Protein chains: 2
Amino acid sequence: MVSAPARRRGPSKGDRKQEALLETAERLLAVKPLAEIGIEELAKGAGISRSSFYFYFESRQAMLLALLARASDNLITQVEGWLEPESEDTRASLCRSIELAVKMWDEHGSVLFAAQNPDAPAEARQFMADLTGRLVAATEDMINRKRATGAAPPGPPSAHSLATMLVGMTEHGISHNNGALGQAELVDTLSTIWHRALFATD
Amino acid sequence: MVSAPARRRGPSKGDRKQEALLETAERLLAVKPLAEIGIEELAKGAGISRSSFYFYFESRQAMLLALLARASDNLITQVEGWLEPESEDTRASLCRSIELAVKMWDEHGSVLFAAQNPDAPAEARQFMADLTGRLVAATEDMINRKRATGAAPPGPPSAHSLATMLVGMTEHGISHNNGALGQAELVDTLSTIWHRALFATD
DNA sequence: GACAAGAGTCAACACGGTGTCGAAAAAAGT
DNA sequence: ACTTTTTTCGACACCGTGTTGACTCTTGTC
C-alpha cells in the first residue's frame, strides 16, 4: 500500500530479460567457447523461448558485442590508471600495474577471451586491439619518459616494439596461465622481466 | 620410355586426393579460421564431391589433426635444435633460436594457429601444449645451466616461470605480429628482452 | 584380357541449429 | 476500458553436417 509510486524508472521487463541473457552468456563463456553455446541454451538460462532470443539480439555474435559494451566502461577506467603514477618506486609501481591487469582479467576474462577468438566478429577483435593499443601507448610513453631522464637506457629496441612485446607477454601470460603458476609468482615473474627489459643495460 | 619401372611405390589415387585435401586446407587456413571453412569448399579444392570428403576424414577437426601430424616431424626436429648449441656467444645464440622460431611459424603458422584455437579439438590443443612444453623445458635447462656456471643470476624468478613467460612472449609476439614490426626488429626486440631477463641483475 | 576385390565416388537422405515471420498475449500508458 | 507498444513463441524455410548404399573405377592376378 505504501508502494512508492514516484519514478517509474524500474527497468522494464525486457531490460531484465536482456540482462538475464547477458549474465547467462557470461556464465557459460567461463566454461566453453562461444561457438559451442547454442541459442537454445542461452534462452533457457533466461527463461524464454529460443525464438524470443532474437527479439533481444540479432545473433550470438551481436550478443558478444553487447557483453563487451557492458564491460567497456569499467575496463577503460582501469586502463587509464595503468602506469600513471610513476612518481613512486619503479619496481613496486610495475607490480601494481600488473596486478591491475590480473584484476581486469579476473573480472572480465571470459568475455575478453571470447572476443579475441579468431572467429569472433571483426568489431570484437577491434575492441581488443584498441584495448591493447591503449596499454601499449601508455607503456610507450612511460618508457620514453624514463629514457628522457636517463633512468632507462635508450633504444634500440624502440619504445614501441619493447612496449608491444611486454604488453603482449603480460596479456598472454595472464590469459593462458591456467593455475599453472600461482598469482604471486606470476606477478613477480612478469614484473621482474619488465624491470630488467626496461632498465638493464646489456 | 626409360621410365624406371622398379618399385611401383606410386602413391595411389586416393593418397593423392587426400594430399590435395590437406593442401587445400592449409591454403584456406592461411586466409580464414577453420570454423569458416566448409566441407564443400575443401572438397571442391581437391576436385571431389562433398560427400567424398568423408571417405578421407571423419570431420573437419579430424583433418586438422592430420595436418598437425604432417607437420609434426619437421616441427619436432626443429624444436630439438632449440637452444642446444650454447657454446657460442650467448646473444647471437639467442637470436638464432628466435629466428628458428620465426621460421617454424613461417612454415606451419596457419596450421599451428588453427590448432591453438579454443574450439579446436582437445587433441590439437594437447599437441600445441606439448610443443610449447618442449620449448619451455629446453629453455628451463638452459637457464639452469647458465645459473650453475654463474653466468646468470639465481632466482627468483624460478627457471620454470621465467622460461614459461619468455616462451609465451615469443610465441605470442611472433604469431600476433601481423606485419606491424619488421622481422629484424621483432627478432632484435625479443632477443634483447630474453637476454636482459636472463642475465641482468636488478 | 577377363575378372574379382577393394578403393574411390556420389546422390539422396536424415538431422540439428540458425534465423524469420506473423499472430497472439502481456505490459504500459491514457 | 481501451489503445499502443512491448514481448512471446510456434511454425516454417534454410543451410551445413554427416550417413547410407548403390555405383564406377583401379589394380592386381591368372
Side-chain angles (χ1 to χ4, degrees), chain A residues 3-25 28-29 31-67 114 117-121 123-124, chain B residues 3-25 28-29 31-67 114 117-121 123-124:
Chain A
S3 67
R7 291 282 91 226
R8 175 127 317 276
R9 277 292 118 243
S12 70
K13 184 182 180 189
D15 292 342
R16 275 177 285 118
K17 282 292 165 75
Q18 178 157 6
E19 182 59 25
L21 279 173
L22 291 173
E23 262 159 36
T24 304
L28 291 174
L29 277 178
V31 178
K32 51 182 167 183
L34 186 61
E36 281 172 28
I37 301 176
I39 308 286
E40 175 107 47
E41 208 171 350
L42 264 350
K44 195 174 299 180
I48 58 180
S49 78
R50 192 182 65 81
S51 49
S52 287
F53 170 90
Y54 292 98
F55 176 76
Y56 295 102
F57 300 105
E58 279 193 359
S59 66
R60 214 170 32 240
Q61 283 76 20
M63 193 183 58
L64 177 62
L65 262 40
L67 234 22
N117 186 306
D119 32 49
E123 278 162 291
Chain B
S3 66
R7 291 284 90 226
R8 172 127 319 274
R9 277 293 119 246
S12 69
K13 183 180 180 194
D15 292 341
R16 275 178 285 117
K17 283 292 166 72
Q18 177 156 11
E19 183 59 25
L21 280 173
L22 291 173
E23 262 159 35
T24 305
L28 291 174
L29 277 178
V31 178
K32 49 183 168 182
L34 187 60
E36 282 171 28
I37 300 176
I39 307 287
E40 174 106 48
E41 208 170 349
L42 264 349
K44 195 173 299 178
I48 58 179
S49 79
R50 194 181 63 80
S51 49
S52 287
F53 170 88
Y54 292 97
F55 177 75
Y56 295 103
F57 301 105
E58 279 193 359
S59 65
R60 213 169 33 239
Q61 284 76 22
M63 194 184 58
L64 177 61
L65 262 40
L67 235 22
N117 185 305
D119 33 50
E123 278 162 292

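Small disclaimer: the values here were computed from a predicted structure and weren't measured. So you know, we letter chains A, B, ... as the sequences are listed, proteins then strands, and number each from 1.
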From [atom1] of [X] over to [atom2] of [N], roughly how many Å is that when rounded to an integer?
| X | N | atom1 | atom2 | answer |
| --- | --- | --- | --- | --- |
| B/E41 | D/dC15 | CD | C1' | 15 Å |
| B/E58 | D/dG18 | CD | C1' | 10 Å |
| A/I39 | C/dG17 | CD1 | P | 11 Å |
| B/F55 | D/dC23 | CZ | P | 18 Å |
| A/I48 | D/dT7 | CD1 | P | 11 Å |
| A/M63 | C/dT18 | CE | P | 11 Å |
| B/Y54 | C/dA14 | OH | P | 17 Å |
| B/I37 | D/dT17 | CD1 | C1' | 16 Å |

Fill in: Spacing of OH belonging to A/Y56 relative to CG belonging to A/D15, to within rounding of 0.5 Å
8.5 Å
Worksheet item: Does B/K17 put a side-chain nitrogen or oxygen below 4.0 Å from OP1 or OP2 of C/dT9?
Response: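 Affirmative; the distance criterion is met.
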Discussion item. Taking only side-chain N and O atoms of A/S49, does any of them lie within less than 4.0 angstrom of OP1 or OP2 on D/dC9?
Written reply: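 Checking A/S49 against D/dC9: at least one side-chain N or O falls below 4.0 Å of OP1 or OP2.
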Item to complete: Return the nearest nucleotide to the side chain of A/S52; candidates are D/dC9, C/dG8, C/dA11.
Response: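 Nearest listed nucleotide: D/dC9.
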Practice prompt. Compare all side-chain heavy atoms of A/L28 with those of A/L34 and state whether any distance is below 4.5 angstrom.
Written response: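 The answer is no; the side chains never approach within 4.5 Å.
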Worksheet item: Are any of the side-chain heavy atoms of A/K17 and A/F55 separated by less than 4.5 Å?
Response: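 Result no, sub-4.5 Å side-chain heavy-atom pair not found.
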Worksheet item: Can you name the nearest heavy-atom pair linking B/E36 to B/E41, along with the distance?
Response: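 Where B/E36 meets B/E41 most closely, the heavy atoms are O-OE1, 4.0 Å.
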Worksheet entry | Side-chain-base donor-acceptor pair under 3.5 Å for B/R16 and C/dG8 |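 No, the side chain and the base share no sub-3.5 Å donor-acceptor pair.
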Practice prompt. Have a look at A/R60 and say if it touches a base, only the backbone sugar-phosphate, or nothing, with a 4.0 Å heavy-atom cut-off.
Written response: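 Sugar-phosphate, no base atom in range.
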